[in-house]
Amino acid sequence: MRAQLFQHVDGIQGMHFSVITPTYNRRDFLPEAVASVRATVSAPIDFSFDHLICENGSTDNTAQWLAEASQQPGIPLRVRPQQTKLLPGPARNLLIRQDSPADGWLVPLDDDDVLLQRALYHYAAQIQQNPDRPWFVADFLRVDEERRYLPSEDYYAWMFDTPADMLRAIFRAEHFIQGNVCYSRQLFDEVGGYDEELKMAEDLDLYVRFLLAGHLPVICPHISHLHRFHTNNVSIGVDADKHGQDLREIYDKYAEQLQQQGIERP
């Protein structure tokens with residue numbers, strides 16, 4: 001599918017970022033995630049930002065902490081409480097569709113990760129340089145439970161010539177994308193948001209649809225966040241076999257479109 005010219009409706013001045021975080025029983029790590037967004041420095045680019053959190057039916061005291069934190073001065077911390085736990089897809093869709101501006105930019109952040117202080121600034125700079133492009137991919141670093149750097153575990157985004165090339169690498173299990181992205185609300189709406197049925201890999205599924213719509217991401221030369229490895233990671237147990245299973249499930253959803261581009265089932 002040929003990419004259509006993308007028009008960013010809010011222009012360069014006054015761009016707005018919404019950091020999107022569903023959370024469940026993360027009282028130990030969530031304060032650092034919130035503090036990292038709060039520490040964002042935008043100057044000299046003029047943009048605004050907020051942190052949208054879905055308190056996803058936690059059974060610890062995460063909800064109590066969020067209620068207190070949302071009253072503190074600083075960036076707008078907007079909390080949407082859920083009485084019952086949602087899957088990641090509907091939790092993110094709820095935040096985006098209910099609380100983010102239609103002409104803004106979206107940055108997912110897991111509730112146990114740490115956004116770097118200049119991450120949004122660097123995304124804003126790339127948006128200025130690429131005003132007709134709707135999504136961006138950066139690198140990230142892996143750290144342990146105590147935020148100690150894990151050498152040789154960095155993630156780096158690959159550069160591709162076409163969306164089909166990137167899709168081919170994804171379904172060969174050679175490349176993946178997770179929370180190291182920034183994309184427009186307009187693109188999110190264009191492809192229909194996150195799949196609300198998937199239990200895992202709902203983010204990769206969304207990015208596959210970005211590519212199927214003809215949109216190749218801009219590769220950004222910066223580090224977006226610290227991805228924390230610990231014993232309670234949501235992705236614990238996702239080995240090569242499970243990743244392959246997720247890829248096959250996503251492939252089967254879009255098999256006709258993918259086969260038309262010569263991309264084989266994993």
Side-chain angles (χ1 to χ4, degrees), residues 17-41 49-96 99 106-120 123 138-151 153-155 176-182 194 199-204 222-239 242:
F17 294 91
S18 292
V19 180
I20 307 298
T21 303
T23 188
Y24 175 74
N25 286 358
R26 280 285 190 261
R27 176 62 180 85
D28 290 343
F29 298 137
L30 182 62
E32 289 187 351
V34 170
S36 73
V37 177
R38 193 184 298 266
T40 291
V41 174
F49 63 98
D50 55 14
H51 195 179
L52 309 181
I53 295 182
C54 177
E55 199 298 291
N56 204 9
S58 296
T59 58
D60 63 2
N61 62 347
T62 296
Q64 178 183 352
W65 182 84
L66 278 171
E68 297 170 356
S70 63
Q71 301 303 314
Q72 297 174 3
I75 69 159
L77 175 62
R78 302 172 64 183
V79 180
R80 182 168 287 274
Q82 281 296 117
Q83 297 302 313
T84 58
K85 186 180 179 183
L86 298 173
L87 289 173
R92 292 177 179 179
N93 284 342
L94 181 66
L95 287 173
I96 292 168
D99 298 322
L106 305 169
V107 177
L109 180 71
D110 286 349
D111 57 1
D112 49 2
D113 289 346
V114 176
L115 190 74
L116 293 195
Q117 189 169 344
R118 295 288 271 176
L120 299 186
Y123 281 135
D139 298 344
F140 65 83
L141 305 180
R142 292 183 173 94
V143 297
D144 69 7
E145 187 165 333
E146 301 301 326
R147 286 181 281 101
R148 291 174 296 218
Y149 174 62
L150 299 175
E153 293 290 338
D154 297 0
Y155 171 93
F176 72 98
I177 323 168
Q178 52 180 60
N180 50 311
V181 299
C182 169
Y194 289 96
K199 295 181 180 179
M200 290 289 293
E202 79 291 335
D203 48 359
L204 183 58
H222 73 273
I223 297 166
S224 62
H225 68 287
L226 305 181
H227 178 57
R228 194 193 308 255
F229 275 5
H230 57 91
T231 56
N232 291 317
N233 276 118
V234 173
S235 58
I236 286 292
V238 179
D239 55 13
K242 181 61 173 68

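Note that the structure is a prediction, hence the values are computed from the model and not measured. Basis for what follows: all heavy atoms, side chains included, without hydrogens, waters or symmetry-related copies.
In this structure, the separation between CZ on Arg92 and CD on Glu202 is 4.5 Å, given to the nearest 0.5 Å. Distance check, rounded to the nearest 0.5 Å: OG1 of Thr40 to CG of Leu120 gives 4.5 Å. For the atom pair CG (Leu109) and OG1 (Thr21), the distance works out to 4.5 Å, reported to the nearest 0.5 Å. Going from atom CG of Leu52 over to atom OG of Ser18 covers 4.5 Å, rounded to the nearest 0.5 Å. Considering CG of Asp110 and CD of Gln178, their distance stands at 7.0 Å, rounded to 0.5 Å. From Leu94, atom CG reaches atom CD of Gln82 across 5.5 Å, with rounding to the nearest 0.5 Å.
With contacts defined as side-chain heavy-atom distances shorter than 4.5 Å, the pair Ile96/Tyr194 qualifies. Contact of the Thr23 side chain with the Leu66 side chain is registered, since non-hydrogen atoms from C-beta on lie closer than 4.5 Å. Looking at heavy atoms from C-beta onward, Tyr149 lies in side-chain contact with Leu141 at the 4.5 angstrom threshold. In this structure, the side chains of Leu116 and Leu226 come closer than 4.5 Å at one or more pairs of heavy atoms.
Tested against His51, the residues Leu77, Val79, Ile20 include a single side chain to side chain contact (heavy atoms under 4.5 Å, CB included) partner, Leu77.
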Begin with the C-alpha distance, continue with both residues' side-chain angles, and end with the deciding distance and a verdict on side chain to side chain contact (heavy atoms under 4.5 Å, CB included) for Val37 and Phe49.
CA-CA 9 Å; Val37 177; Phe49 63 98; 4.3 Å; yes
I'd like to know whether Val34 forms a side chain to side chain contact (heavy atoms under 4.5 Å, CB included) with Ile53, so could you lay out the CA-CA distance, the side-chain angles of the two residues, the decisive distance to 0.1 Å, and finally the verdict.
CA-CA 9 Å; Val34 170; Ile53 295 182; 3.8 Å; yes
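For Arg228 and Asp112, the salt-bridge test fails: no basic side-chain N is under 4.0 Å from an acidic carboxylate O.
Across Cys182 and Phe17, no two heavy atoms sit closer than the pair SG-CE2, 3.8 Å. Listed here is the closest heavy atom pair of Ser224 and Ala119: O-CB, 3.4 Å. Residues Pro73 and Arg38 share a closest heavy-atom pair of O-NH1, 2.7 Å.
Panel note: side chain Arg26, backbone Asp111; no donor-acceptor pair is recorded below 3.5 Å. At distances below 3.5 Å, at least one donor-acceptor pair connects side-chain atoms of Asn25 with backbone N or O atoms of Thr59. Between the side chain of Asp144 and the backbone N or O of Phe229, no donor-acceptor pair lies under 3.5 Å. The backbone N or O of Ala63 lies less than 3.5 Å from no partner atom in the side chain of Ser58, so there is not a single donor-acceptor pair.
By the 30° and 60° cut-offs, the orientation of the rings of Tyr155 relative to Phe140 is parallel.
The list of salt bridge (Lys or Arg N to Asp or Glu O under 4.0 Å) pairs with a residue in residues 53-80, not counting sequence neighbours, reads Asp50-Arg78, Arg78-Asp99, Arg80-Asp99.
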